[in-house]
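Shown next, in structure tokens, is the structure this report addresses.
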Amino acid sequence: MQARAKRSRTPRGAAAVAVAPPQATCPEVSTDEGLLTAARELVAHLEAGNSAEAMRLLHELTRVQESAVYLEMGRLTRQLHDALARLDLDDQLLDLTAQEIPEAKERLAYVVSLTEQAANQTLTAVEESLPTTVGLKDEAVALAEAWGRFTRGELGAPELRAVADAVGEFLGRVARESEQLHAKLSEVLMAQGFQDLTGQVLRRVTGLVQEVENSLVNIIRLSDPRLLGAAGATPPAPPATTGPSIGRTGQAEVVAGQDEVDALLSSLGF
Amino acid sequence: MDKNMRILVVDDFATMRRIIRNLLRDLGFNNTLEADDGTTALPMLQNGQFDLLITDWNMPGMQGIDLLQAVRADPRLRSLPVLMVTAEAKRDQIVLAAQAGVNGYIVKPFTAQTLKEKIEKIFERLESAA
């Protein structure tokens with residue numbers, strides 16, 4: 001603590017005639033009083049013609065002010081550094097931007113492709129089935145008409161033979177084409193499997209959106225000191241499983257299809 | 001292989017349970033029940049006489065792998081045949097399921113033919129082991 005320079009009380013109104021002692025130290029300027037004292041000292045030096053002393057005092061004052069500014073800047077810099085360090089340590093954010101968001105776009109593209117594929121498979125099966133049903137119905141209507149004539153006793157022997165043959169053939173046709181329809185309907189059934197896969201993928205993307213939301217909220221809280229201390233919601237832990245593989249090539253730890261699964265299992269003795 | 005065997009199908013997606021149930025019906029298996037999670041499936045298995053468990057992996061309450069382990073740990077259920085039908089295709093997981101005692105592993109998307117073959121294979125092996 002610098003000692004205040006002793007000075008004599010000057011009567012009010014009288015010009016101050018003070019001679020600063022040779023070892024003058026800078027008065028405490030953190031208070032208004034201190035500042036006033038320093039200003040009076042400065043004036044005194046100037047009036048006394050002690051420009052060297054006046055300059056020295058001025059330098060001291062400036063330096064004190066500057067150090068106050070530096071202190072404040074240092075404090076702010078520290079705050080900024082800490083905030084950046086916090087962001088830096090947030091691997092999650094890095095993960096999100098570098099990896100998960102691009103992955104999310106891939107996943108959504110996969111959903112689009114899968115739903116399109118399923119729609120096409122279904123439409124194809126339907127397109128191939130409709131003519132079959134129309135054909136069966138048309139022939140059934142025609143034969144019903146002939147059958148009607150048979151039951152009314154309108155058919156002669158040769159016509160009867162022809163109708164019997166036609167009916168026999170028709171029954172064979174129904175059996176065959178029913179089996180075809182069954183197969184087509186099974187294709188439609190299997191095509192609906194998309195919903196399970198797209199559902200799983202979409203759930204993961206929703207989880208990612210939630211993580212992004214949480215991270216953004218945390219950034220906002222970091223930037224506004226008033227909100228510091230209010231903890232952000234912890235994002236849901238990413239699932240340990242991968243979910244449906246969305247067709248990215250070159251993933252060594254993922255098998256490419258049922259054949260590889262079977263190969264892996266038999267290599268283990270199953 | 002008894003076509004009347006009691007089968008439990010476990011998957012959190014109802015559409016997938018429907019598909020599998022229809023496929024089983026096509027193969028002649030009409031005695032099928034459903035559960036939407038490992039947590040609901042386990043008591044059903046413990047209280048009912050099931051001959052085959054078909055389960056997904058990814059389920060919110062209890063995952064398929066945990067259900068499998070619970071089944072193998074239960075003396076009453078230890079020898080229940082278990083077939084996993086799942087989108088999980090990581091090598092580590094397949095190995096994990098095999099080590100936990102799964103009898104078959106089908107990866108989605110799958111075909112009706114694959115389901116048929118795997119079920120037949122499971123029971124062929126059980127019969128030849130008996």
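Proteins come first, then strands; the chains are lettered A, B, ... in the order of their sequence lines, and each starts at number 1. All values below were derived from every heavy atom in this structure, side-chain atoms included, with hydrogens, water molecules and symmetry-related copies excluded.
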Subject >> Flag if over 12 foreign heavy atoms under 6.0 Å of CD, B:Gln49 >> reply: no

**OP:** Determine, for A:Arg203 against B:Asp12, whether the closest basic-nitrogen to carboxylate-oxygen distance falls under 4.0 angstrom.
**Re:** yes

**OP:** Below 4.5 Å from any heavy atom of chain A, which atoms of B:Asp11 appear? Answer side chain, backbone, both or neither.
**Re:** side chain

Original post:
Within the distance-only criterion (no hydrogens, no angle test), does the side chain of A:Glu253 pair as donor or acceptor with the backbone N or O of B:Arg91 below 3.5 angstrom?
Top reply: no

Original post:
Which answer fits B:Val95, side chain, backbone, both or neither, if we ask what part of it has an atom under 4.5 Å from a heavy atom of chain A?
Top reply: both

Subject >> Selection from B:Gln99, B:Met16, B:Glu88 maximising heavy-atom pairs under 4.5 Å formed with chain A >> reply: B:Glu88

Original post:
In terms of heavy-atom proximity below 4.5 Å to chain A, should B:Thr86 be classed as side chain, backbone, both, or neither?
Top reply: neither

Original post:
If you take all heavy atoms of A:Asp196 and B:Phe13, which pair is closest and at what distance?
Top reply: OD1-CD1, 3.2 Å

Subject >> Pairs of heavy atoms under 4.5 Å with chain A: top-ranked of B:Thr111, B:Thr114, B:Ile106 >> reply: B:Ile106

Original post:
Between A:Gln200 and B:Lys108, does a side-chain contact (heavy atoms from CB on, under 4.5 Å) hold up when you go through it step by step?
Top reply: CA-CA 12 Å; A:Gln200 289 190 47; B:Lys108 294 174 185 168; 4.0 Å; yes

Original post:
Closest heavy-atom contact between A:Gln192 and B:Ile19?
Top reply: C-CD1, 3.6 Å

Subject >> Heavy-atom check, side chain of A:Met190 versus side chain of B:Leu23, under 4.5 Å >> reply: yes

Original post:
Looking only at heavy atoms, which two atoms of B:Tyr105 and A:Leu265 are closest? And how far apart?
Top reply: CB-CD1, 3.8 Å

Original post:
Where does A:Glu260 contact chain B at under 4.5 Å (heavy atoms): side chain, backbone, both or neither?
Top reply: side chain

Original post:
B:Lys90 and A:Val254: which non-hydrogen atoms are nearest, and at how many Å?
Top reply: CG-CG2, 3.9 Å

Original post:
Are side-chain heavy atoms of B:Met84 and A:Val261 found at a separation under 4.5 Å?
Top reply: no

Original post:
If you take all heavy atoms of A:Pro244 and B:Ala87, which pair is closest and at what distance?
Top reply: CA-CB, 3.7 Å

**OP:** Please flag which part of A:Leu189 lies under 4.5 Å from any non-hydrogen atom of chain B: side chain, backbone, both or neither.
**Re:** both

Original post:
From A:Gln258 CD over to B:Leu115 CG, what is the distance, rounded to the nearest 0.5 angstrom?
Top reply: 10.0 Å

**OP:** For A:Asp262 and B:Lys121, run salt bridge (Lys or Arg N to Asp or Glu O under 4.0 Å): C-alpha distance rounded to whole Å, both residues' side-chain angles, the deciding distance at 0.1 Å, then the answer.
**Re:** CA-CA 12 Å; A:Asp262 296 344; B:Lys121 188 170 174 196; over 6 Å; no

Subject >> Flag if over 12 foreign heavy atoms under 6.0 Å of CD, A:Glu179 >> reply: no

